[in-house]
Student: 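This is the structure, below, for whatever I ask next.
Letters go in sequence order (proteins before strands), and every chain restarts at 1.
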Amino acid sequence: MFKIIKREDVSDTVKLIEVEAPLIASSAKSGQFVVLRLKEGGERVPLTIADKDKKKGTVTIVFQVVGKSTIELASFKVGDSIKDLLGPLGKATDFAGAKNIVCVAGGVGIAEIYPEVKELHEEGKIVTTIIGARNKALLFFEEELKAVSDAMHVTTDDGSYGRKGFVSDVLKELLEKDKTIDLVVAVGPVIMMKVVSDLTKNYNVRTIVSLNPIMLDATGMCGACRVTVGGKTLFGCVDGPSFDGHQVDFGELIKRLNQFKDEEKNSAEIYKLKCRECRENGH
Amino acid sequence: MAINPKKTDMEKQTPEKRVKNFDEVALGYKEAEALTEAARCLQCKKPLCVDGCPVSINIPAFIKLVAEKKYNEAAKKIKETNSLPAVCGRVCPQEEQCEIKCIVGKKNEPVGIGRLERFVADAERESGNIEKNVVKLPEKKIAKVVIAGSGPAGLTCAGDLAMLGYDVTIYESLHATGGVLRYGIPQFRLPKEILDIEVDYLRKLGVKIIVNVLIGKTITIPELFKQGYAAVFVGAGAGLPSFLGVPGENLSGVYSANEYLTRINLMQAYKFPETDTPVRIGNKVAVVGAGNVAMDAARCSLRLGAKEVYIVYRRSEEEMPARKEEIENAVEEGVKLHILTAPVEVLGDEKTGRVKGMKVIKCKLGEPDASGRRRPVIIPGSEYVMELDTVVSAIGQSPNPLIPQSMPELKIGKWGNIVTDETTGETSVPGVYAGGDIATGAATVIAAMGAGKRAAKSMDAYIKAKLKIN
Ligand SMILES: Cc1cc2nc3c(=O)[nH]c(=O)nc-3n(C[C@H](O)[C@H](O)[C@H](O)COP(=O)(O)OP(=O)(O)OC[C@H]3O[C@@H](n4cnc5c(N)ncnc54)[C@H](O)[C@@H]3O)c2cc1C
Ligand SMILES: Cc1cc2nc3c(=O)[nH]c(=O)nc-3n(C[C@H](O)[C@H](O)[C@H](O)COP(=O)(O)OP(=O)(O)OC[C@H]3O[C@@H](n4cnc5c(N)ncnc54)[C@H](O)[C@@H]3O)c2cc1C
Ligand code: SF4
Ligand code: FES
């Protein structure tokens, strides 16, 4: 059992938890993730290690509430325990000596990119961070990221905060202006990572994306997470989750992510109904 | 009295009934049947059956104890060399191990050794004797050892080392123990309650079992040595699934058998949405391959409501690697065999990326290949399309690469297997032992257990030599 020692509402739909997991905290590197299972009968859910505290022996996870398991996790309180937590999984992101890096994040990717920005900053690299969301209410971690970035840009689709537009608009300007940018790291919705990769291809700038295929064991045992990269089938959980964005078959990834859409919807609906019932019964 | 030429039958659920449930198919001998079967054993002076048993169970001795109705004694006799008889009695390929050697089998059907083993183990469990048979071990331990992986190899090695007086910790990466016995072999062939009791028995022997630890990631083997562990046994299995290598293999609805069976068995997708992990079966399923894994996937599909289930196999029925008994069970249940047929391409819907069918081609058998089986040769122009919703790839697994990747000094072989000395389980790194599927590639439960046993023995010798104990 893994105890939750802190819980925050980062936004309406994004929550943060800090969990006791000393073994994972002591070996985690940026870009790695955990798999958790809330309780008996629960599914195995992959989530990025957004931060870790070796001394306290804890890891921080930031998640977006999208379906059954994340709705349920959002209802966990400080002091509650998660039944299973396995990690750190996947390979640490390999920045391969880049010096001038732009980190681009959208949605919950803003939390997932934090450890990478922090690591690059601590290594003395030049880091420019661009974050974006649909509107102001969905933004978070701006201060945290600013503290570890050399420059910071914020966009919202509707212009309710920062610059109106997409993260890729800002990235395009930066790539035009600064020819020494030698790496772009993109984390967020698949479509955003695709747009960023298509863009950077024109500028010939190496691009790392962090993929989020459906996973099961997340230890390389099942192949549920397979992605096509450079024409080869690779496993997202052990060969990734970071890959060369110019080589990824995003179209296939999007289709594979929809594989269980109907079942997932059904499961969330039933859960919400049950929750309403238990609330009405005063539980 | 002349010997009964036939093995005493074991009752099974009828095919019509069993395809609608996940309960065990074979129901086991009742006492009278076991006694009848035990009486068929000739109690050979030089029992050939024992030579065929990978862990050399004293077969005539345990059968004699059955005949004398001393079932608990019979269980103890088996457990001298095999700690998981309830599992082995159900899943061992006896027909190619002990029973094929049995002298009675020269003229008649061999003695039903597997069925008797199962009967004895079930009798022990049902009478509550497993608990009573737990031995009391000294408090003071010789040294600390780690077992990576809780499949049959790891469980056996752990049990033996505990009995030898070690402080044993098993680290398992999944959230549950048992390896393939849990996530691969379905409930209707091996009820998980049996596995739970066996694992519980180890706990009673003082073995610590910690799940959710992936050796090589959560903690590495060199770190374990630093923590004072004297030796490590790696029983990480052959978990890496192979895919078909044809276009369309990444369409939605194409699963590896590992994914398919893990969803169903470990994650209990058959209870979805009561449990949270889904699996989509559809009406028509093709399973490519013809080993035990393929039969299990095909039979699970039927139980989950598929209307048509096909085994697609490029050789003939004779070459099928699955146990005969399981092929018969599958066919009785309605699985259709498309033999001498090889996949060419998985066809999908452009928009959804979901499986629609599979283009296959007919084959004929040519000359024997390296494995000694006749090589399939495709017949040009014989392609046809099978309409399908789901394709399961059950064409093999290879050793799990995670631990070797985290420890470059560990020597690996051509197939990614950890290289070991077969008789001792030693690897290229002193103090690190390995056995089971991680060393041999996908094999059998009993072979994995045998490897765990041999490794336990040599780990004991290694540690004692190092600590100068004799
Ligand atoms: C390596 C990795 C790291 C991840 N890190 C984070 C993280 O830090 N924070 C976070 O909020 N999410 C992260 N995800 C995504 C997260 O795992 C899914 O959102 C989660 O599994 C959804 O579970 P659910 O039961 O709530 O929703 P489900 O009912 O399973 O799904 C609801 C919706 O989410 C989509 N979905 C399902 N699985 C995934 C998936 N793996 N990725 C994206 N969409 C999915 C479905 O198509 C569906 O539309 C990560 C995924 C991976 C593979
Ligand atoms: C579907 C199916 C049906 C089968 N049917 C039969 C049958 O009828 N008869 C028969 O004899 N054999 C059968 N087999 C084969 C048999 O199950 C295997 O040969 C046997 O289980 C191998 O045992 P093992 O202990 O080496 O590995 P496994 O059973 O694979 O166990 C390995 C364990 O190690 C864990 N692990 C892996 N990596 C790590 C790590 N880094 N750290 C910690 N833990 C780790 C895994 O999660 C797993 O639990 C079948 C196999 C399958 C897949
Ligand atoms: S070979 Fe057959 S008859 Fe002889 S001891 Fe073994 S089981 Fe009995
Ligand atoms: S999730 Fe199973 S292999 Fe990656």
Side-chain angles (χ1 to χ4, degrees), chain A residues 2 21 23-24 26-28 32 34-45 67-69 72 83-91 214 216-228 233 235 238 249 251-260 262-264 266-271, chain B residues 171-176 183-184 210-214 216-220 223 236-243 245 249-263 266-269 271-280 348-354 393 397 400-402 405:
Chain A
F2 299 82
L23 279 180
I24 303 176
S26 72
S27 49
Q32 290 188 300
V34 293
V35 156
L36 58 78
R37 210 170 65 111
L38 297 177
K39 50 162 205 221
E40 209 44 67
E43 66 185 329
R44 295 169 67 93
V45 184
K68 157 84 207 267
S69 296
E72 193 166 6
K83 184 151 196 322
D84 300 295
L85 187 67
L86 171 69
L89 302 169
K91 291 195 171 128
I214 291 177
L216 187 58
D217 63 298
T219 65
M221 197 188 83
C222 75
C225 61
R226 59 201 193 277
V227 287
T228 302
T233 297
F235 286 7
V238 288
D249 183 342
E252 180 186 275
L253 176 63
I254 291 170
K255 285 177 195 153
R256 287 190 61 81
L257 276 170
N258 286 330
Q259 213 176 150
F260 300 107
D262 302 343
E263 288 85 351
E264 283 156 355
N266 181 8
S267 164
E269 289 307 319
I270 293 174
Y271 180 72
Chain B
Y171 284 119
E172 164 60 48
S173 56
L174 290 173
H175 59 259
Y183 76 72
I210 304 179
V211 294
N212 298 315
V213 174
L214 182 62
K217 287 278 184 190
T218 314
I219 192 161
T220 62
E223 282 165 355
L240 182 71
S242 311
F243 285 90
E249 69 176 9
N250 292 344
L251 288 165
S252 297
V254 182
Y255 301 88
S256 74
N258 268 8
E259 178 184 353
Y260 201 62
L261 291 169
T262 300
R263 284 183 182 276
L266 178 68
M267 306 310 294
Q268 305 188 313
K271 295 188 196 155
F272 182 87
E274 190 191 314
T275 54
D276 294 340
T277 307
V279 65
R280 201 182 275 194
D349 182 283
E350 280 282 324
K351 241 178 61 209
T352 61
R354 195 166 279 286
S393 165
Q397 295 98 242
N400 209 314
L402 266 181
Q405 276 168 7

Student: Taking every heavy-atom pair that is under 4.5 Å apart, which of A/L85, A/I270, A/N266 has the most such pairs with chain B?
Tutor: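 Highest number of pairs under 4.5 Å: A/L85.
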Student: With only heavy atoms counted, which part of B/K351 is less than 4.5 Å from chain A, the side chain, the backbone, both or neither?
Tutor: backbone
Student: Compare all side-chain heavy atoms of B/E350 with those of A/K255 and state whether any distance is below 4.5 angstrom.
Tutor: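 Side-chain contact under 4.5 Å: no.
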Student: Mind ranking B/T277, B/T218, B/N250, B/T262 by heavy-atom pairs under 4.5 Å with chain A and telling me who comes out on top?
Tutor: B/N250
Student: State, yes or no, whether a side-chain contact exists between B/H175 and A/L86 at a heavy-atom distance under 4.5 Å.
Tutor: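 Answer no - side chains too far apart.
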Student: Does the plane of the ring in A/F235 sit parallel, tilted or perpendicular to the ring in B/F243? Use 30° and 60° as the thresholds.
Tutor: perpendicular
Student: Given side chain to side chain contact (heavy atoms under 4.5 Å, CB included), test B/R263 with A/F260 step by step and report yes or no.
Tutor: CA-CA 13 Å; B/R263 284 183 182 276; A/F260 300 107; 3.3 Å; yes
Student: Would you mind checking which part of A/R256 comes under 4.5 Å of any heavy atom in chain B, side chain (CB onward), backbone (N, CA, C, O), both or neither?
Tutor: both
Student: For chain A, which candidate among B/P278, B/P241, B/S256 shows the most heavy-atom pairs at distances under 4.5 Å?
Tutor: B/P241
Student: Is there a donor-acceptor pair closer than 3.5 Å between any side-chain N or O of B/S252 and the backbone N or O of A/Q259?
Tutor: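 No, the answer is negative, given that no donor and acceptor are paired below the 3.5 Å cut-off.
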Student: List the steps, then state whether side chain to side chain contact (heavy atoms under 4.5 Å, CB included) holds for A/F2 with B/N212.
Tutor: CA-CA 11 Å; A/F2 299 82; B/N212 298 315; 4.1 Å; yes
Student: Testing the basics here: between A/E43 and B/M267, what is the closest heavy-atom pair and its distance to 0.1 Å?
Tutor: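 Shortest heavy-atom contact: CA-CE, 4.0 Å.
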Student: So which part of A/E40 gets closer than 4.5 Å to some heavy atom of chain B, the side chain, the backbone, both or neither?
Tutor: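 Looking at A/E40, nothing touches chain B.
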Student: Taking all heavy atoms of B/F272 and all of A/E263, pick out the closest pair and write down the distance.
Tutor: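 Closest pair (atom of B/F272, atom of A/E263, distance): CZ-O, 3.3 Å.
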Student: Against chain A, label B/V254 side chain, backbone, both or neither, depending on which of its atoms sit under 4.5 Å from a heavy atom there.
Tutor: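 Contact with chain A: backbone and side chain both.
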Student: Between A/D217 and B/L174, is a side chain to side chain contact (heavy atoms under 4.5 Å, CB included) present by the stated rule, with each step listed?
Tutor: CA-CA 7 Å; A/D217 63 298; B/L174 290 173; 4.2 Å; yes
Student: Between B/E223, B/Q268, B/E249, which shows the greatest number of heavy-atom pairs under 4.5 Å with chain A?
Tutor: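 Most heavy-atom pairs under 4.5 Å with chain A: B/E249.
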Student: Should the pair B/R280-A/D262 be classified as a salt bridge under the 4.0 Å nitrogen-to-oxygen rule?
Tutor: yes
Student: Pair A/L38, B/D276 - check side chain to side chain contact (heavy atoms under 4.5 Å, CB included), show working.
Tutor: CA-CA 10 Å; A/L38 297 177; B/D276 294 340; over 6 Å; no
Student: Against chain A, label B/L251 side chain, backbone, both or neither, depending on which of its atoms sit under 4.5 Å from a heavy atom there.
Tutor: backbone
Student: Of the backbone (N, CA, C, O) and the side chain (C-beta and beyond), which part of A/D84 lies under 4.5 Å from a heavy atom of chain B, both, or neither?
Tutor: both
Student: Would you mind checking which part of A/T219 comes under 4.5 Å of any heavy atom in chain B, side chain (CB onward), backbone (N, CA, C, O), both or neither?
Tutor: both
